[in-house]
Engineer: 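Structure incoming, see below.
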Amino acid sequence: MATKAEVNAVYAAGLIQGITLVTFPAASTIFTSPSEYGLSNTQYGAMFLPQVITAVTSSLLGGKLAERFTIKRVFLAGLAADLASMALLIVSQFFESNQPVAYGLLLAATACLGAGFGLTVPAINSLTAAFHPGNVDGSVLVLNALLGLGTALAPVFVAIFVGLGFWQGLPILSCVLLLALIAVSARLPLRAGAPAQAAAGRRAGVPRLFWVFALFAVLYGFCETMNGNWSQLDMTTNLHATATQASFALTAFWGMVTVGRVLFAMIERRFPPQLTSGAAAAGILSFALAGFGCSALLPLTISFASEQLLTMGASVAGAVIACYQFGYGIAAFGTGPLVDAGVSLSTLFGFAAIAAVIMGALSFTLARKGSGKVAAPAAAS
């Protein structure tokens with residue numbers, strides 16, 4: 001049975017991972033400001049390409065790495081990658097006058113962040129599920145609520161530090177938190193159990209139902225990232241909001257993601273999860289509603305997949321998160337070139353709404369927990 005220290009360390013990792021994950025989007029106005037890094041929309045969007053590549057790769061490899069090196073070492077490696085990302089971001093500020101060098105450091109930083117996310121998040125989801133076998137859905141929702149809280153705090157911290165004339169305070173704070181967490185976690189056992197079913201699943205193949213989960217995760221990643229990465233630029237360019245109002249919009253989005261996850265975690269204890277200025281102000285409200293809509297989708301997708309795709313074992317979380325990161329990538333670096341080509345952000349948010357409708361249709365297939373667990377994969381065609 002897991003100790004209280006282990007549970008707290010995993011939950012703390014979710015909170016800190018949320019802060020580091022949104023550090024770059026929260027600082028989007030700094031990266032695109034002519035007086036700072038001076039990046040174009042295309043450069044800003046492309047900055048997330050290394051993050052997506054390393055996040056998808058590390059998420060898919062995480063299960064095998066955990067079997068070979070233990071899940072604790074994978075977890076610690078993810079935290080170390082996050083630390084390297086924040087350190088590179090701090091160093092990049094000293095080369096703002098030399099954009100090629102600064103941009104190269106930013107690309108390296110997002111690559112490390114992707115590796116950190118891809119290793120850490122599947123690991124803490126698997127650990128949380130193992131620590132709470134009688135309440136997997138609720139514990140995963142709580143973990144992801146803490147991750148959401150971290151993502152909501154990041155833009156607040158950026159606004160505070162920018163107001164103090166010291167935006168670098170956020171990555172410095174992240175480094176301190178990561179160092180403390182690594183020091184504490186290194187002394188804990190952090191075991192998730194033997195992944196015997198995962199090995200059998202890999203020999204037999206991938207269940208067909210997984211691809212429904214995969215599509216859902218890709219669409220979710222696209223919708224979430226349109227709001228998480230481009231809300232501030234949409235607020236300042238289309239709604240002519242101030243930088244502070246734009247930060248409030250991003251905080252409202254991630255804040256409602258957190259509120260929704262807490263709410264659904266409370267509801268899950270009683271009911272099955274499957275049953276459950278003027279322009280600037282309107283923009284903030286819209287992003288808040290989008291955040292509430294996104295709140296429970298990813299954690300419940302992970303928990304549903306883990307319970308229905310039994311033959312994939314512990315590799316399910318990593319595979320779902322890899323698909324989520326693919327959708328993240330479509331929105332993160334696909335949006336910039338389209339905006340520079342004249343496509344409005346409002347139009348692209350419309351496509352995100354269409355993706356949300358498709359997700360609603362898919363949800364009826366995914367929320368059949370308990371009525372059709374996949375005990376064996378489909379035969380190879």
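The analysis underlying the following values was restricted to heavy atoms, covering all of them including side chains, and did not include hydrogens, waters or symmetry mates.
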Engineer: Within this structure, what is the CG-CZ distance for the pair L119 and R73, rounded to the nearest 0.5 Å?
Structural biologist: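 Going from CG on L119 over to CZ on R73, the span is 14.5 Å.
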Engineer: Just how far is it from atom CZ of F48 to atom CD1 of I53, taken to the nearest 0.5 Å?
Structural biologist: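 With rounding to 0.5 Å, CZ (F48) is 14.0 Å from CD1 (I53).
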Engineer: Does D340 offer a backbone N or O that forms a donor-acceptor pair with the side chain of N41 under 3.5 Å?
Structural biologist: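 No, because the side chain of N41 does not come within donor-acceptor range (under 3.5 Å) of the backbone of D340.
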Engineer: Specify whether Y324 and F117 have parallel, tilted or perpendicular ring planes, treating 30° as the upper limit for parallel and 60° as the lower limit for perpendicular.
Structural biologist: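 Geometry flag for F117 against Y324: tilted rings.
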Engineer: Distance check, rounded to the nearest 0.5 Å: D82 atom CG versus L21 atom CG?
Structural biologist: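 Output value for this atom pair is 8.5 Å.
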Engineer: Going by distance alone, is a donor N or O of one side chain under 3.5 Å from an acceptor N or O of the other, for Q43 and Q99?
Structural biologist: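 Yes, a side-chain donor-acceptor pair sits under 3.5 Å.
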Engineer: Examine F94 and F166 and state if one hydrophobic cluster contains both, with Ile, Leu, Val, Met, Phe, Trp and Tyr joined whenever side-chain heavy atoms are less than 4.5 Å apart.
Structural biologist: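 No.
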Engineer: Can you see which heavy atom on S85 is nearest to which on A109, and at what distance?
Structural biologist: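 Of all heavy-atom pairs spanning S85 and A109, the closest is OG-O, 2.7 Å.
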Engineer: I need the I124 CD1 to T128 OG1 distance, nearest 0.5 Å.
Structural biologist: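 Between atom CD1 of I124 and atom OG1 of T128 there are 6.5 Å.
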Engineer: Hey, are the side chains of I16 and L79 touching, using non-hydrogen atoms and a 4.5 Å cut-off?
Structural biologist: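 Sidechains of L79 and I16: no contact.
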Engineer: Side chains of T347 and S344: any donor to acceptor distance under 3.5 Å?
Structural biologist: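 T347 and S344 do have a side-chain donor-acceptor pair below 3.5 Å.
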Engineer: Do W211 and F222 share a hydrophobic cluster (ILVMFWY, side-chain heavy atoms under 4.5 Å, transitive)?
Structural biologist: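 As far as the 4.5 Å side-chain criterion goes, F222 and W211 are connected within one cluster.
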Engineer: Between L178 and L88, is there shared hydrophobic-cluster membership here, with clusters defined by ILVMFWY side-chain heavy atoms closer than 4.5 Å?
Structural biologist: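 Looking at the clustering, L88 is in a separate group from L178.
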Engineer: Please answer: with hydrophobic residues joined when any side-chain heavy atoms are less than 4.5 Å apart, are Y37 and F95 in the same cluster?
Structural biologist: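 In one cluster: no.
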Engineer: Taking all heavy atoms of T110 and all of M47, pick out the closest pair and write down the distance.
Structural biologist: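 Taking T110 first and M47 second, the nearest heavy atoms are OG1-O, 2.7 Å.
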Engineer: Side chains of M226 and F351, heavy atoms from C-beta outward: is any pair under 4.5 Å?
Structural biologist: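 Sidechains of F351 and M226: no contact.
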Engineer: For the residue pair V343 and V339, establish whether any side-chain heavy-atom pair is separated by less than 4.5 Å.
Structural biologist: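 V343 does not reach V339 side chain to side chain.
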Engineer: Please find the pair of heavy atoms, one from V74 and one from G62, that lie closest to each other, and give the distance.
Structural biologist: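 The pair with the smallest heavy-atom distance is CG2-O, 4.3 Å.
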Engineer: How long is the straight-line distance from OG1 of T120 back to CG of L76, given to the nearest 0.5 Å?
Structural biologist: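 Those atoms lie 9.0 Å apart.
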Engineer: Applying side-chain contact (heavy atoms from CB on, under 4.5 Å), run through T29 and E36 and close with a yes or a no.
Structural biologist: CA-CA 9 Å; T29 55; E36 298 286 350; over 6 Å; no
Engineer: Could you tell me whether the side chain of L89 reaches within less than 4.5 Å of the side chain of F24, counting heavy atoms only?
Structural biologist: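 When only atoms from C-beta onward are counted, L89 and F24 do touch, with a gap below 4.5 Å.
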Engineer: Kindly determine whether F131 and L190 satisfy side-chain contact (heavy atoms from CB on, under 4.5 Å), including the steps that lead there.
Structural biologist: CA-CA 9 Å; F131 292 168; L190 296 174; 4.3 Å; yes
Engineer: Would you say L147 and L15 make side-chain contact, with heavy atoms under 4.5 Å?
Structural biologist: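 No, side chains not in contact.
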Engineer: A13 and L181: which non-hydrogen atoms are nearest, and at how many Å?
Structural biologist: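 For A13 versus L181, the nearest heavy atoms are CA-CD2, 3.5 Å.
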Engineer: Taking the side chain from Q168 and the backbone from I90, do they hold a donor-acceptor pair closer than 3.5 Å?
Structural biologist: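 No, the answer is negative, given that no donor and acceptor are paired below the 3.5 Å cut-off.
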Engineer: Does any part of the side chain of L106, heavy atoms only, come nearer than 4.5 Å to the side chain of L39, both counted from C-beta?
Structural biologist: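 Yes - at least one pair of side-chain heavy atoms lies under 4.5 Å apart.
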Engineer: Measuring from atom OG of S58 to atom CG of L65, what distance do you get when rounded to the nearest 0.5 angstrom?
Structural biologist: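 Reported value, rounded in 0.5 Å steps: 9.0 Å.
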Engineer: Mind listing the closest non-hydrogen atom pair of P50 and A111 along with its distance?
Structural biologist: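 It is CB-CB, 3.7 Å.
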Engineer: Under a 4.5 Å side-chain heavy-atom rule over Ile, Leu, Val, Met, Phe, Trp and Tyr, are V121 and V52 clustered together?
Structural biologist: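 Linked within one cluster.
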Engineer: Specify the closest pair of heavy atoms between A154 and L170, including all atoms of both residues, with the distance to one decimal.
Structural biologist: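 Taking A154 first and L170 second, the nearest heavy atoms are O-CD2, 3.7 Å.
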Engineer: Do T32 and S40 have side chains that get closer than 4.5 Å, going by heavy atoms?
Structural biologist: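 A side-chain contact is absent here, since even the closest heavy-atom pair is not under 4.5 Å.
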Engineer: Around F161, counting heavy atoms of other residues, nucleotides and ligands shown, do more than 12 lie under 6.0 Å from its CZ?
Structural biologist: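 Yes - once you tally the heavy atoms of other residues, nucleotides and ligands closer than 6.0 Å, there are more than 12.
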Engineer: Would you call F75 and S185 a side-chain contact if the rule is heavy atoms closer than 4.5 Å?
Structural biologist: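 In contact.
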Engineer: Backbone N or O of R191 within a donor-acceptor pair of the K72 side chain at under 3.5 Å?
Structural biologist: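 Checked: no pair found.
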